[in-house]
Amino acid sequence: MFGNLSDRLAQTFKNLRTKGKLSPADIDATLREIRRALLEADVALEVVKDFIGAVRERALGDEVNKALNPAQQVVQIVNDELVQILGGQQRRLEFAKKPPTVIMLAGLQGSGKTTLAGKLAKWLKDQGETPLLVAADLQRPNAVNQLQVLGERVGVSVFAPEPGNGVGNPVKVAKEAIKHATSKQFSMVLVDTAGRLGIDEEMMQQARDIRDAVNPDEVLFVIDSMVGQDAVNVAKAFEDGVGITGVVLTKLDGDARGGAALSVASVTGKPIIFSSTGEGIDAFEPFYPDRMASRILDMGDVLSLIEQAQKAFDADEAKALAEKMAKNQFTLEDFLEQMQQLRKMGSMKAMLAMMPGAGALRDQIDNFDEREIDRTEAIIRSMTPGERRDVKILNGSRRLRIARGSGMTVTDVNSLVNRFEQASKMMKTMQKGGVPQGMPGMPAGMGGVPMGGRAKAKGKDKKKTSKSGNPAKRASEEAARLNGDKPSGNSEQNGSAFGL
Amino acid sequence: MAFGLFKKKPTDGAAVDPGASAQATDRGFASRIRSLFTGIRFDVANLDDLEDILLLADFGVDAAESIVAEVKREAAAQGATTERELKDTLVSVLTSRLGHANRELNLTGEALPYVFLMVGVNGVGKTTTIGKLSAWLAEGDWSVVIGAADTFRAAAVEQVATWAKRSGARLVGPDRDGQDPASVAYQAVETAVAEKADIVIVDTAGRLQNKQDLMLELSKIRRVVEKTVPVSEVLLVIDATTGQNGLAQAKAFAEVAQVTGVVLTKVDGTAKGGIVYAIQRELGIPVKLIGYGEGVNDFAFFDPAEFARGLVG
């Protein structure tokens, strides 16, 4: 998402890299670029000014010029300051000592409150809570209805005594909801409120009345990550108007550079607790400031990636796979299984975007066609079990049959088989330790970049290579983890994404 | 309602004059926009601050720099020095830069019905805009069919149905949950043709412009509709709070759905919507409508001079 900001900083730092020592003029030139990049990423002007000031002060100090690599030190400072603004450590939800815990959602129209209410309810339910959704947006046509549908979808009760569309008193609804929740022993209450403008005094008063009626443990300010400079005004208005305790950033799956995240965290001093990353009801996750900062600097969000992988991967399966790899028995059947595992982790695109160095490959990632995976699957499924286990038996007529069966061409089949063979070879090398040298399509200077980068950078047939590369790399990571090593991603994160 | 209506053409073949009626808006929106200069003095000494002021309005770095340069040039050429003179210079620079030859809604095609497609990212106000537009068209005696082709978001069909009811439009919705939106759009157009309705407005699901499959779905909707009648307008709805990502939105939607105009919504907040400047300048897509509230009448035709006056105050 922060694509272009990362790209731009990468470009700027590349210019710095040739310098052993930085003059104040070098630093100012860099800071001008950073300022521009931040503004183009919609970071609020006042935040940019403060940020640049803070970075300049540190960059001119001794810590830079005494450093072995001054340019890298500037990167480190920018990273530190970003994390600082984004709120340092991740913050969890505050729970009430005596249930129910009450969470109130507030924000502008169209920021995604109702959708988020559904996702949050699902997430809490998955954690063993018993949430109650409260339909207190009685303004927008069919907001109540929408919440009911969402509640039904995620299997969470919805408290909606009023029809909405301008009928009913949201304060009363909110008050009754608490009574209802207490008597029915719900552990959480999520109050969805109408979208409102920060300058609409009447509506802000209503928000305060709702807040006072439910006495929430959290007032979450919901903001669209595509918002521009106005994020500051809106955040201040809600902070002054209702008093917020935390922020939720929505629509983070878009390609907005999301400067609003920085702005809001900076002007309110309130942490971003969650981010919402897609239209699926599960596309929702806790917000990690330190990871986000790495992502801004295009160091990749390796931790999130590993976490998702852990969610999707069955530990036993992974172990079995690691053993197979050790014995060189990796077959197309395993490959297919791997692809299905990968799919459980979410969209390939989202995964690739989290890879270190992904910024430079953003265009390719954006153009990545998820259906390529379907096609590969179709080819493998058109093979007999014997063929899947041993690709060497695939002669011309078998390949023709497979092509026909899967609706693809023989060329497609050939290329899949070739890629698989290459991947197997690569795995053998990796098994012996380390990244194979002289691997086809591996661009110089990207040695530390895992499969996303390598595969996508390969000019020809780039989409397909990523798949054969993927399970290989994935499996090797799994294997490493099982052997008690640190995930390889960690060390890569420490390496420079800019090749400094 | 007292502002200019495109009255439905009395007989077939007689052209309407949209330009005249568009200018007849006596419901100015300038007063609904909060001035950029609230509490800020603007004179020769702090002319450089103008760049920051424009940045704060989401004009973007390039646009802000170029506008400031031209205002300085103009001010020097005309000898403008007082706050009023400088503001007038800024208004005239903005007005002329926002000029576009093709700002009216396209209600002049040969054959009815005219089809409008509403597109945009999630939560910008597509459905609300349809409600307002449909009510306004109904007042001009156009009969409107609304195609509820947002079959994705929970209760989206019900939401647009409520607006259809308010505005007296005919609603064509999906026959079943999750129906292909293109088929709903097709049915809406078929219904309009069969019932000799004048206008079809197709509501589409909000989609982020980097979701390739969803964007392809949009071009499919357009293709399917065009099997029956040509699409008159593809209106991209942009929320005034949108930052620089608005340009990426406009580019992507223009590419798949051939956007003909922008609707700028939610200008009644503190956001200024400066990104439409970049959209119009870089992509040549005119801003056609502007929305400023949740009431059915809270919208108007976009007028550059009025927009500039509203911004400068």
Side-chain angles (χ1 to χ4, degrees), chain A residues 1 35-36 39-42 44-46 48 108-112 114-115 118 139-150 152-153 165 195 197-200 224-234 237 250-251 253-260 278-279 349 366-371, chain B residues 34 51-53 55-62 64 121-128 131 152-163 165-166 177 205-214 239-246 248-249 252 265-266 268-275 293-294:
Chain A
M1 44 152 296
R35 170 184 178 273
R36 194 185 175 92
L39 284 171
E40 286 180 357
D42 291 319
L45 184 61
E46 60 175 87
V48 173
L108 291 177
Q109 290 93 341
S111 53
T114 308
T115 304
Q139 193 95 2
R140 180 167 60 89
N142 294 82
V144 173
N145 202 332
Q146 186 186 350
L147 196 67
Q148 280 167 330
V149 173
L150 284 168
E152 200 172 302
R153 229 177 254 176
N165 298 357
L197 293 168
I199 49 169
D200 187 336
D224 184 328
S225 52
M226 292 178 283
V227 167
Q229 294 290 327
D230 202 42
V232 174
N233 298 327
V234 177
T250 60
K251 306 179 202 171
D253 51 324
D255 58 6
R257 297 171 230 172
E279 303 212 40
K349 262 187 226 182
D366 282 344
N367 291 329
F368 178 72
D369 186 351
E370 306 255 351
R371 284 174 305 187
Chain B
R34 294 156 65 89
E51 184 180 326
D52 282 1
I53 288 166
L55 286 175
L56 287 174
D58 290 317
F59 275 78
V61 180
D62 291 334
V121 299
N122 315 63
V124 286
K126 284 180 295 300
T127 306
T128 306
F152 182 82
R153 207 201 66 198
V157 173
E158 289 81 355
Q159 189 182 345
V160 76
T162 304
W163 278 108
K165 208 166 152 196
R166 280 183 196 171
D177 270 357
R207 64 201 74 223
L208 296 177
Q209 71 276 11
N210 59 339
K211 304 284 166 78
Q212 205 181 10
D213 40 352
L214 293 179
D239 182 329
T241 59
T242 309
Q244 300 308 301
N245 190 246
Q249 291 173 21
T265 59
K266 309 187 196 174
D268 49 329
T270 40
K272 306 294 185 292
I275 190 61
E294 291 180 278

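No hydrogens, no waters, no symmetry mates; every other heavy atom, side chains included, goes into these values.
The main-chain N or O of Gln229(A) is found under 3.5 Å from a side-chain atom of Asp58(B) such that the two form a donor-acceptor pair. Put simply, the side chain of Lys251(A) never gets that close to the backbone of Leu208(B): no donor and acceptor are under 3.5 Å apart. In this structure a side-chain-to-backbone donor-acceptor pair under 3.5 Å is present from Lys266(B) to Gln109(A). Asn145(A) places no side-chain N or O within 3.5 Å of a backbone atom of Ala155(B) that could act as its donor or acceptor partner.
Residue Ile275(B): no heavy atom, backbone or side chain, is found under 4.5 Å from chain A. For Val160(B), no part sits under 4.5 Å from any heavy atom of chain A, backbone or side chain. For a residue to count as touching a neighbouring chain, one of its non-hydrogen atoms must lie under 4.5 Å from one of that chain's; by this rule Leu147(A) does not touch chain B. Heavy-atom distances place the side chain of Glu294(B), and not its backbone, under 4.5 Å from chain A.
Between Glu279(A) atom CD and Arg207(B) atom CZ the span is 8.5 Å, to the nearest 0.5 Å. Atom CD of residue Glu46(A) and atom CG of residue Asp52(B) lie 11.5 Å apart, to the nearest 0.5 angstrom. Asn165(A) CG to Lys165(B) NZ: the interatomic distance, rounded to the nearest 0.5 Å, is 9.0 Å. Within the model, atoms CZ of Phe59(B) and CG of Leu39(A) stand 15.0 Å from one another, a figure rounded to the nearest 0.5 Å. Put simply, CD on Gln159(B) and CD on Gln146(A) are 7.0 Å apart, with the number rounded to the nearest 0.5 Å.
Looking only at side-chain heavy atoms (C-beta outward), Pro141(A) and Glu158(B) stay at 4.5 Å or farther from each other.
A side-chain N or O of Thr162(B) and one of Asn142(A) form a donor-acceptor pair less than 3.5 Å apart.
Of the listed residues (Asn233(A), Val149(A), Val227(A)), the one with the most heavy-atom contacts under 4.5 Å to chain B is Val227(A). Put simply, of Val124(B), Thr128(B), Asn122(B), the one with the most heavy-atom pairs under 4.5 Å next to chain A is Asn122(B).
Between Phe152(B) and Arg153(A), the closest heavy-atom pair is O-NH2, 4.2 Å. Closest heavy-atom contact between Asp268(B) and Ile199(A): O-CD1, 3.2 Å.
At a threshold of 4.0 Å, the pair Asp230(A)-Lys272(B) does not count as salt-bridged, since none of the basic side-chain nitrogens sits closer than that to a carboxylate oxygen.
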